[in-house]
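In what follows, every chain begins at residue 1, and chains take the letters A, B, ... in the order their sequences are listed. Note that this is a predicted model, so its numbers are computed, not measured.
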Number of protein chains: 2
Amino acid sequence: MPGTTLRPTCPDRPEAVLHPGTKQPVTPDDLAPLFPMALIMQEVSTEPYIEIPEAIRQIYTQWRPSPLHRAHRLEQALDTPARIYYKYEGVSPVGSHKLNTAVAQVYYNKQEGVKKISTETGAGQWGSALALAGAYFGVEIEIFMVKISYQQKPYRRNMMETYGGIIHASPSDLTNAGRSILAKDPNNQGSLGIAISEAVEVAATSGGTIKYSLGSVLNHVLMHQTIIGEEALKQMALADDYPDVVIGCAGGGSNMAGLIFPFVGEARKKGLKTRFLAAEPMACPSLTKGVYAYDFGDTVGMTPLVKMHTLGHDFIPPGIHAGGLRYHGMSPLVSLLHDTGILEAQAFHQISVFDAAVQFARTEGIIPAPESGHAIRAVINEALEAKEAGQERVILFNLSGHGHFDMGAYEAYFSGKLQDYEYPAEAVASAQQRMPQVV
Amino acid sequence: MPGTTLRPTCPDRPEAVLHPGTKQPVTPDDLAPLFPMALIMQEVSTEPYIEIPEAIRQIYTQWRPSPLHRAHRLEQALDTPARIYYKYEGVSPVGSHKLNTAVAQVYYNKQEGVKKISTETGAGQWGSALALAGAYFGVEIEIFMVKISYQQKPYRRNMMETYGGIIHASPSDLTNAGRSILAKDPNNQGSLGIAISEAVEVAATSGGTIKYSLGSVLNHVLMHQTIIGEEALKQMALADDYPDVVIGCAGGGSNMAGLIFPFVGEARKKGLKTRFLAAEPMACPSLTKGVYAYDFGDTVGMTPLVKMHTLGHDFIPPGIHAGGLRYHGMSPLVSLLHDTGILEAQAFHQISVFDAAVQFARTEGIIPAPESGHAIRAVINEALEAKEAGQERVILFNLSGHGHFDMGAYEAYFSGKLQDYEYPAEAVASAQQRMPQVV
């Protein structure tokens, strides 16, 4: 297990984060009501490597290094000359990569005496991870869960309860943000942006007793995930192979960044022509259809402004089954990689995603999370392209989690109830008009 | 990964298996309608070790060797001097130990040209495992699922469908066995014994085109699972430690046997005083309350007669949430170990089992299957006893699977809806009268 996590080697540092009120660059002190100082310093650090503390490494040993598998049986089924490798993050006790950063974040909070943390969750992967990390360190976790997921995924809720988390359906009547949204639309089904507004408000108005935690998007979160790619670099070397293309699904961007950043660094260092590919849903295509501009991370406008690919902070995506990819924005670091041409992006319809996920389950045995299914769709397309062209191609992707809590989505797929949604073109223009004005 | 699986070193060979009609010892030919010859020869083999074929080992490498963990955080929470180790079988793609034998069984069937296999499943762990093994080898799998589980656990059903399995609720109207039970009781909720009757009938009346597969109880099934204990022996040696007590939950007996048999052999070889402990439910206590006698493996009386601890072949246990432990009988080899005093047994109420399972989840992170929760209850009791006595005690147990498809049971626990059932004492006497007569 590598002892450090890595920042990406980007062509430039990302542009400054702005205060939501003054529109001036934020200082560490501006962020102090929300985050412990250690995480703020990681957020703004320019160090290439930051050591992982021993207490975190000790917990990681339960499931790390996560396995790197060669998808032999999938390759056979596709009859492709491509060699397909996947890093499997579903081996963590919560079943996804999210626990990597959850453990780190709760650890640093605990170090600074924090006793309670608020957060939001969409599909429930993040909420489960933070609830368990809270149980590990004895820190209370309060979770705002997007209402449609809260209703569709009771077992994910039960999982968070089993870990001792406190869960609310969002929008709730517990916050000003929630109440104002419910006043306009009592049947609002929620979104990640709304849930973020609620969780941020709880921390910001707590007088310092509650901190806030985010499961993706931010620099320090992506950095905690780079252990995935650091391990994969060593594991690919053991396999005596190296990827031509590295693929991840992208919602906020953290699982993909975790895998690809170390390979981006390697490509830069050695002048390699490695391709990098983000797979996202047609229904929420922030990289392929969003604008690259300063926007809020939440719906109400309480968070700092970050420059990112965004569909507009008030965009509420349709209720597709990959809840972890239903976010209006994209991590600033990932957005920058895309903007500079290092990262390609493709968007997929959800039925084609489940076609790929089921083919993967029947060959490799692991039932993928619908989010990870997007990466698998891209992988199978690449493998079939290689076959068509009669080329060798080495493909590496991140299987970010299993789908054990998403079987309702598989049932919908088998019973023909799944629908494809496409983000309408005119919405891009409209989103652009709603961007906050930054001089 | 050890290259062989092991037979247990028992004080005596188990007593002969009898033909259900003639009551005479069965011959391999009697079993040929149900099983491929390779498995029949394993069933009656007296070899101490049988090599695992390369094709099976290749598949095992995806999740084997399974990890052996030290439960440091649980030990701390219990403030016990005991050292607790667990072998975690939930890392298999289907989430339990069942895939070990499923892969082996489908492999040997495939070798003999079998294109379709029938089976039964209670909680769904076994059905999922066989469905996936069928997908691996291109063999069709038809599954009779106990009706109450079929209704309570739709996601487990969806999992089997994802792997391409064909699933029926049992009792069904597809077999004589099912129809005769429904004629007497149209609302019959099913039992493992009934589902076995249906699956056996499908194979026995297929004219040789369909074979039958059982996920526990039989000698060859237990033998396939001994890879668990073989690995654990090596892993304990790496940890420079050795168990004083080895614990497993017991339904049909296969996960427990898989862990303990190699340690039983080691104890015999070296004269060690290792204790062995089976944890079973109060609601279906075949070892602690059943009689040791010849009985049918199924409800209708189609299977051979085996000498085992049994609650009576027509016993239908209450609908507790550990579906994998709701079987009237116990593997003959495990029964013999108990009868000769090598194996202790304890029965637990389900609420106390969930108390233990939740404590485990909050400390170790893994949400246990309710079946495995029985083993954890026994482990925690042992650890608290050691604390009380101020003794060191090294405890090893098998965490046979995760509970991701059992969250409804956790919800019942948290909402206070769980009930404790106890197998009534008078039922033992009654069961004894219903045993088949064997001269």
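For the residue pair B/Arg73 and A/Gln62, a side-chain donor N or O sits within less than 3.5 Å of a side-chain acceptor on the partner. Of the N and O atoms on the side chains of B/Arg156 and B/Ser149, not one donor lies less than 3.5 Å from an acceptor on the other residue. A donor atom on one side chain and an acceptor atom on the other are found under 3.5 Å apart for B/Ser66 and B/Glu89. Side-chain N/O atoms of A/Tyr85 and A/Asp241 include a donor and acceptor closer than 3.5 Å.
Taking the side chain as every heavy atom from C-beta outward, A/Arg64 and A/Ile228 approach each other to under 4.5 Å. Looking at heavy atoms from C-beta onward, B/Asn109 lies out of side-chain contact with B/Val139 at the 4.5 angstrom threshold. Side-chain atoms of A/Val353 and A/Asp355, non-hydrogen and from C-beta on, never get closer than 4.5 Å to each other. Put simply, the side chain of A/Tyr136 reaches to within 4.5 Å of the side chain of A/Ile59, judged on heavy atoms.
The contact between B/Tyr410 and chain A is made entirely by side chain atoms (from C-beta outward), counting heavy-atom distances below 4.5 Å. Residue contact with chain B, scored on non-hydrogen atoms closer than 4.5 Å, involves the side chain of A/Phe405 exclusively. For A/His69, the part lying under 4.5 angstrom from a heavy atom of chain B is the side chain only. In this structure, chain A has no heavy atom under 4.5 Å from any part of B/Arg70.
If you tally non-hydrogen atom pairs under 4.5 Å between each of A/Val91, A/Leu132, A/Thr162 and chain B, the highest count goes to A/Thr162. Per-residue counts of heavy-atom pairs under 4.5 Å with chain B were compared for A/Glu161, A/Met159, A/Glu411; the largest is that of A/Glu411. Among the candidates B/Ala133, B/Ala135, B/Ala357, the residue making the largest number of heavy-atom pairs closer than 4.5 Å to chain A is B/Ala135. When B/Pro67, B/Gly408, B/Gly134 are compared by the number of non-hydrogen pairs under 4.5 Å with chain A, B/Gly408 comes out ahead.
For residues 92-107 of chain A, a heavy-atom distance under 4.5 Å to chain B picks out A/Pro93, given by residue number. Residues of residues 364-376 of chain A lying under 4.5 angstrom from chain B, judged on non-hydrogen atoms, are A/Glu364, A/Gly365, A/Ile366, A/Ile367 in numerical order.
B/Glu54 and B/Arg57 are joined by a salt bridge, as a carboxylate oxygen and a charged side-chain nitrogen come within less than 4.0 angstrom of each other. Using a 4.0 Å cut-off between a side-chain N of Lys or Arg and a carboxylate O of Asp or Glu, B/Asp406 and B/Lys153 qualify as a salt bridge.
The minimum heavy-atom distance linking A/Leu399 with A/Tyr88 is given by the pair CD2-CD1, 3.4 Å. When all heavy atoms are compared, the tightest approach of B/Ala82 to B/Ile395 is CB-CD1, 4.0 Å.
By the 30° and 60° cut-offs, the orientation of the rings of B/Phe354 relative to B/His321 is perpendicular.
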